[in-house]
Q: 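Please see the structure below; I have some questions.
Naming convention: chains lettered A, B, ... in sequence-line order (proteins, then strands); numbering from 1 in each chain.
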Protein chains: 6
Amino acid sequence: MRNVVVTGCPRSDPGEVARLAEFGVATVHEAIGRTGYLGPAIRPVHLGSRIGGTAITVVCWPGDNLMIHAAVEQCQPGDILVVTTTSPSSDGAFGELLATSLQHRGVRGLVTTGGVRDVAELHAMNFPVFCAAVSAQGTVKATAGAVNVPVGINGQRICPGDVVLADDDGVVVVGRSQVGRAAAAAQARAEKEKASRAAFSSGELGLDRYGLRAMLTRLGVEYLDHEAYLESQ
Amino acid sequence: MRNVVVTGCPRSDPGEVARLAEFGVATVHEAIGRTGYLGPAIRPVHLGSRIGGTAITVVCWPGDNLMIHAAVEQCQPGDILVVTTTSPSSDGAFGELLATSLQHRGVRGLVTTGGVRDVAELHAMNFPVFCAAVSAQGTVKATAGAVNVPVGINGQRICPGDVVLADDDGVVVVGRSQVGRAAAAAQARAEKEKASRAAFSSGELGLDRYGLRAMLTRLGVEYLDHEAYLESQ
Amino acid sequence: MRNVVVTGCPRSDPGEVARLAEFGVATVHEAIGRTGYLGPAIRPVHLGSRIGGTAITVVCWPGDNLMIHAAVEQCQPGDILVVTTTSPSSDGAFGELLATSLQHRGVRGLVTTGGVRDVAELHAMNFPVFCAAVSAQGTVKATAGAVNVPVGINGQRICPGDVVLADDDGVVVVGRSQVGRAAAAAQARAEKEKASRAAFSSGELGLDRYGLRAMLTRLGVEYLDHEAYLESQ
Amino acid sequence: MRNVVVTGCPRSDPGEVARLAEFGVATVHEAIGRTGYLGPAIRPVHLGSRIGGTAITVVCWPGDNLMIHAAVEQCQPGDILVVTTTSPSSDGAFGELLATSLQHRGVRGLVTTGGVRDVAELHAMNFPVFCAAVSAQGTVKATAGAVNVPVGINGQRICPGDVVLADDDGVVVVGRSQVGRAAAAAQARAEKEKASRAAFSSGELGLDRYGLRAMLTRLGVEYLDHEAYLESQ
Amino acid sequence: MRNVVVTGCPRSDPGEVARLAEFGVATVHEAIGRTGYLGPAIRPVHLGSRIGGTAITVVCWPGDNLMIHAAVEQCQPGDILVVTTTSPSSDGAFGELLATSLQHRGVRGLVTTGGVRDVAELHAMNFPVFCAAVSAQGTVKATAGAVNVPVGINGQRICPGDVVLADDDGVVVVGRSQVGRAAAAAQARAEKEKASRAAFSSGELGLDRYGLRAMLTRLGVEYLDHEAYLESQ
Amino acid sequence: MRNVVVTGCPRSDPGEVARLAEFGVATVHEAIGRTGYLGPAIRPVHLGSRIGGTAITVVCWPGDNLMIHAAVEQCQPGDILVVTTTSPSSDGAFGELLATSLQHRGVRGLVTTGGVRDVAELHAMNFPVFCAAVSAQGTVKATAGAVNVPVGINGQRICPGDVVLADDDGVVVVGRSQVGRAAAAAQARAEKEKASRAAFSSGELGLDRYGLRAMLTRLGVEYLDHEAYLESQ
């Protein structure tokens with residue numbers, strides 16, 4: 001890893017971010033071809049929040065939060081901090097004081113593959129965090145890392161300026177050049193979902209709506225009465 | 001696995017289900033000889049719900065929810081959907097649209113060894129889900145599986161029509177032929193617990209109430225004053 | 001393990017416990033040199049509680065809660081029960097009835113490396129539990145263990161009478177002889193944090209407040225404009 | 001769980017067991033419709049063995065091996081011991097002394113969801129073990145369980161007398177009534193695999209042999225030259 | 001994910017691959033700035049092999065190996081197949097038959113975040129596999145994916161044609177444009193290690209050779225005699 | 001944690017260490033009352049070694065091996081290095097060069113809760129390592145820790161100079177003051193095991209040898225013929 005702080009990164013267009021942020025994580029993930037999801041290990045500490053913004057990326061050494069401090073300076077309103085470590089770490093590298101700094105700068109939340117602490121205080125100050133662990137374990141400030149280089153989480157690539165959306169289903173990332181297209185696709189999907197919701201609440205079956213009966217037949221799925229099934233065992 | 005949808009499965013008697021559902025998961029698990037518990041990996045997404053109903057069972061391929069769609073059609077009021085996969089899968093195979101279908105049919109909730117998504121929406125629509133993961137990761141509808149065959153979770157066997165109870169302690173299953181007996185045993189246990197609760201809140205000790213002092217003596221447990229213990233080290 | 005119940009253990013001074021309990025788990029962990037933390041695996045079942053008290057320690061066999069019953073008798077007001085097992089166990093060795101006993105004796109909560117059950121009831125009766133699992137799985141009362149011997153959790157040593165603090169960040173333990181010093185250090189740290197909070201909410205950066213710019217330079221971290229960085233790749 | 005030792009269980013036919021045991025675990029699992037596999041968590045301690053035999057089933061309490069001792073008496077030549085626990089346990093419930101007893105009775109190996117110890121000695125005495133953990137942690141003999149009742153592992157049901165096959169790929173179980181059919185299916189599959197092996201070693205592609213090109217087309221998989229792909233990104 | 005098979009991908013220069021493959025995984029990982037390591041979850045099934053080659057990348061759906069078949073056709077001598085799944089999967093998506101195809105084409109081994117089977121046969125035919133699981137669980141061929149698109153494992157990005165090295169320490173990837181530089185750096189590091197090895201085997205200490213005594217002093221590490229330490233506790 | 005290197009620690013008596021090291025890990029763990037076992041997560045990289053020696057303890061920061069270098073200087077012939085980290089870390093903090101240093105000083109092996117690398121080289125130079133992970137991931141030398149302070153692993157306390165035994169079953173620690181007693185107890189147990197081995201190889205059952213039939217009766221375990229059991233279900 002090159003030890004570098006990259007400055008002046010372009011962000012996704014704020015209007016497009018806002019438009020995309022109207023949709024939930026699952027809807028956007030579907031709309032962009034089932035990509036961008038950062039995996040089930042990254043969860044909100046408290047359920048009930050939903051945020052969208054532009055990524056500032058950070059790579060820290062395990063047990064060390066030096067580069068998060070370096071990243072704060074690079075943040076501007078509408079950003080979301082995205083933190084990874086060079087190897088798995090559950091330590092509480094982020095807490096109330098860093099959140100105070102970020103909130104002052106207009107940052108909307110934190111996404112991390114590592115741990116956070118002061119979670120009661122973070123909740124009270126309304127700073128959403130999505131993380132893999134809650135841990136009071138402290139960190140040092142002793143080892144170099146990187147800010148605003150591309151990072152990988154759950155096989156997904158996140159570049160500075162990409163859009164990050166997070167809600168109770170987890171976190172999804174959308175590449176900067178794809179935000180407009182993603183918003184349109186999410187809009188289309190949301191409308192399709194709305195129609196399906198209405199249909200399902202009226203009793204239509206997915207089997208019919210999605211044409212799955214033919215699929216079941218093609219795959220050789222049999223329908224058997226309970227008695228016949230028991231006899232065949 | 002035989003690729004089959006079994007239809008017309010008998011259910012446990014609704015009156016007996018209702019009677020059994022008055023008791024918590026832990027009480028019923030104890031009452032039926034410490035069996036039927038589906039393990040600590042299956043948790044409610046939101047704490048605070050309690051459901052009881054009859055099992056419709058589903059076996060899906062990982063990353064595929066085709067058979068859940070096939071199962072919906074087999075559901076009737078009072079059922080609970082129980083989903084497993086042929087190998088571990090955290091994908092969000094179940095979400096708001098399927099819940100809309102199920103709620104229309106009077107289904108009381110979902111139990112799955114896999115993942116769910118749209119959890120904010122599921123909570124808003126008051127559809128309880130008990131699962132091993134929350135994940136926005138989408139699934140396909142491409143591979144056969146089974147509906148209403150016996151399935152195994154945490155070493156417990158669940159047949160269609162069995163009673164499923166779920167609350168903040170997890171999920172327990174009671175075989176269809178045992179529901180009446182289980183309700184009676186749970187009633188007896190609940191009364192015993194009520195008496196114990198009263199005794200313990202008045203200061204009686206479990207050591208005395210359960211006759212454990214003799215057990216400790218038989219097992220050779222010594223009582224030693226703190227000073228004597230330190231000297232003996 | 002010696003099978004023993006140690007009686008008459010001295011406790012940390014109640015006044016000092018109360019003084020220390022004013023601070024959060026993360027603050028105290030930092031104040032005592034980043035020690036005493038019991039790790040991210042032990043979590044509150046419900047977020048939002050904070051307790052402090054003196055440890056009664058218990059070592060149980062997996063799947064067995066006999067020694068918890070023996071420990072109840074050793075508890076007095078202001079204590080917190082700390083339970084471990086000789087090998088990993090998620091079973092629900094603790095529930096509402098034991099909590100009733102403990103609450104009668106003035107015990108403030110439970111910390112365990114194992115599992116609990118009846119969590120809805122525990123929440124309703126306002127008895128905080130910090131644990132590694134929720135499980136309805138029942139336990140027996142058949143095997144010896146120990147009460148009030150030193151135990152180890154997450155590499156930390158906990159002796160009876162030590163102070164235990166628990167909140168949404170987890171659990172920290174402070175040795176009996178260190179409580180006064182720890183409270184003073186926590187007070188100093190809390191004041192320092194208060195000043196930092198004020199500074200950060202006014203826009204000061206951690207980079208400046210903690211003198212980290214020199215550290216970054218010494219570690220060879222470069223600052224590069226986004227364009228220059230892209231060209232260098 | 002009913003605390004019972006079931007005696008006089010019928011076994012699968014020895015000739016059919018021998019015939020089935022000529023095939024590997026993966027081949028048999030495929031031949032019987034991708035069922036019966038006990039999952040990737042159960043592994044051989046030492047690579048390189050392959051066994052087949054008839055199941056004697058045991059359910060133990062965690063940290064307790066009493067019922068393994070009860071099971072030994074039920075074993076006869078050609079059996080394989082299959083051990084589970086009522087909740088997860090890594091303890092070394094099985095070691096050299098039990099293996100000595102079993103080897104005397106003609107038992108061919110051990111399959112367990114728990115732990116074993118004395119693994120150097122077990123290897124030296126040529127007693128294959130397939131387990132989820134190696135652990136020196138000792139167990140007690142204090143709690144009831146069951147021998148020769150149906151057990152569930154990885155969602156598969158194992159009854160006494162069923163055939164168990166184990167090799168470096170893990171463990172598969174075949175129901176007693178299906179052994180003959182399974183052996184025939186495995187034979188057919190092995191022959192098919194032999195033909196495929198010859199074809200593949202001559203350069204034929206799976207794409208052609210299995211007719212997958214049409215499948216790729218139907219699924220919309222495009223072929224794109226590297227240059228064209230880069231330009232499209 | 002775009003469902004695409006990218007053809008005609010350029011490979012790293014064979015001479016440079018050969019030169020780089022002279023060094024171990026740990027040495028190369030260090031030489032390129034502690035990057036490229038695919039993490040401790042990917043392990044050789046049998047210890048003792050070392051391979052180097054050029055990456056062909058595959059993205060499969062969990063429980064589905066269709067795209068591995070599509071990838072075989074894209075392989076040429078000197079390649080190593082690198083397989084990921086869209087969500088975690090331990091299924092045995094790769095076995096002896098696919099290895100036969102690959103070996104015919106001169107492929108040197110397999111790296112996968114998923115599972116393999118037929119491991120005894122793979123070892124016998126001398127085809128090294130590095131994987132996260134061994135599992136007999138079969139897969140289907142039903143869902144689209146991608147071949148030769150960039151993939152992410154453990155936060156590292158792997159493009160087709162990159163160099164992959166694998167030995168008993170795991171797997172490291174080196175970007176195609178960096179292979180020459182990496183080989184030179186690995187050479188330099190290997191020479192430095194050789195000198196250090198000689199020094200250490202003569203009794204020189206790392207404390208002196210790396211100048212760490214000053215570091216310890218600067219960090220405030222005290223040296224205390226055992227007696228003095230005990231008194232200070 | 002106090003940042004200290006404790007010097008001049010007394011060791012267990014070499015003669016007693018040698019005497020104790022004649023016994024396997026499981027035997028010694030049993031002989032000292034089922035204590036001292038460091039758990040199933042710490043495994044040999046290569047099966048087949050057995051070592052015994054005196055502990056030099058090290059506490060490192062995750063991702064940092066500075067204190068291992070400091071510890072080398074404190075080692076003398078017959079020692080075994082025991083390394084822990086302040087929070088979980090799988091990084092390869094130990095490799096061939098450190099082993100060269102240690103081997104020069106007569107150190108017999110490494111036990112670590114973290115990771116190692118260069119495992120092929122370590123095996124070739126006959127330096128046994130017992131660890132929780134193999135990882136090529138490099139570490140820095142930037143953060144203070146401690147050498148020769150008491151550490152806790154798996155709930156067991158290890159002090160410098162204690163005896164550490166390691167074999168294919170894992171690692172056990174015996175307190176310095178208990179070594180003589182432990183050796184005597186292990187001798188007694190080994191003799192008892194030898195007698196049991198002879199008895200079991202002659203067909204005696206554990207049920208009879210350990211008097212377990214009465215236990216089964218007392219616990220209410222029934223014996224039921226297979227036919228009777230099926231009818232009762």
Q: Which heavy-atom pair separates E/Leu205 from F/Val72 by the least distance, and what is that distance?
A: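 Looks like CD2-CG1, 3.7 Å.
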Q: Where does E/Glu204 contact chain F at under 4.5 Å (heavy atoms): side chain, backbone, both or neither?
A: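 Looking at E/Glu204, just its backbone touches chain F.
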Q: Which heavy atom in E/Phe200 sits nearest to a heavy atom in F/His104, and how many Å separate them?
A: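 Residues E/Phe200 and F/His104, closest heavy atoms: O-CB, 3.8 Å.
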Q: Out of E/Ala228, E/Gly36, E/Gly206, E/Ser201, which one racks up the most heavy-atom pairs below 4.5 Å with chain F?
A: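 Going by pairs under 4.5 Å, I would pick E/Ser201.
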Q: Between F/Glu121 and chain E, which part of the residue has a heavy atom less than 4.5 Å away: side chain, backbone, both or neither?
A: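 For F/Glu121, side-chain heavy atoms alone lie under 4.5 Å from chain E.
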Q: Grab the two heavy atoms, one from F/Ala136 and one from E/Ala26, that are nearest each other, plus how far apart they are.
A: CB-CA, 4.0 Å
Q: If I measure from the heavy atoms of chain E, does F/Val149 come under 4.5 Å with its side chain, its backbone, both, or neither?
A: both
Q: If you look at every heavy atom in F/Arg2 and E/Leu224, which pair is closest and at what distance?
A: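 Looking at all heavy atoms of both residues, the closest pair is NH2-CD1, 3.2 Å.
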Q: Once you round to the nearest 0.5 Å, how far does CD1 of E/Ile42 lie from OG of F/Ser135?
A: 11.5 Å
Q: Do you know which of E/Arg213, E/Glu222, E/Glu193 has the most heavy-atom pairs under 4.5 Å to chain F?
A: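 It is E/Glu222.
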Q: Between E/Tyr37 and F/Gln137, is there a donor-acceptor pair closer than 3.5 Å when you use the side chain of the first and the backbone of the second?
A: no
Q: Considering only heavy atoms, which portion of E/Thr35 lies under 4.5 Å from any heavy atom of chain F: side chain, backbone, both, or neither?
A: neither
Q: Does any heavy atom of chain F fall under 4.5 Å from the side chain of E/Leu47, the backbone, both, or neither of them?
A: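 Contact with chain F: side chain only.
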Q: Tell me, for F/Ser101 versus chain E, whether the close heavy atoms (under 4.5 Å) come from the side chain, the backbone, both or neither.
A: both
Q: What closest approach, in Å, do F/Gly138 and E/His29 show between heavy atoms, and which atom pair accounts for it?
A: N-NE2, 2.9 Å
Q: Do E/Leu216 and F/His69 make a side-chain contact, defined as non-hydrogen atoms from C-beta onward lying under 4.5 Å apart?
A: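 Side-chain contact under 4.5 Å: no.
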Q: Strictly below 4.0 Å, N to O, side chains only: are F/Arg117 and E/Glu30 in salt-bridge contact?
A: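 So F/Arg117 pairs with E/Glu30 through a salt bridge.
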Q: Atom CG in E/Leu207, atom CG in F/Leu66: separation rounded to 0.5 Å?
A: 8.0 Å
Q: Could you look at E/Tyr223 and say if it's the side chain, the backbone, both or neither that has a heavy atom under 4.5 Å from chain F?
A: both
Q: Tell me, side chain or backbone of E/Arg218 under 4.5 Å from chain F's heavy atoms, or both, or neither?
A: neither
Q: Measure the shortest side-chain to side-chain distance between F/Leu97 and E/Arg197 over non-hydrogen atoms and say whether it is less than 4.5 angstrom.
A: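 Of all side-chain heavy-atom pairs linking E/Arg197 with F/Leu97, at least one is under 4.5 Å.
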Q: Looking at F/Val116, F/Ile68, F/Asp118, which one has more heavy-atom pairs under 4.5 Å with chain E than the rest?
A: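 Maximum pair count with chain E is reached by F/Asp118.
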Q: Using the side chain to side chain contact (heavy atoms under 4.5 Å, CB included) rule, take E/Asp168 and F/Val134 through it: C-alpha gap first, then chi angles, then the decisive distance, then the call.
A: CA-CA 8 Å; E/Asp168 289 355; F/Val134 174; over 6 Å; no
Q: Atom NE2 of residue position E/His46 - does it have more than 12 heavy atoms of other residues, nucleotides or ligands inside 6.0 Å?
A: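 Enclosed.
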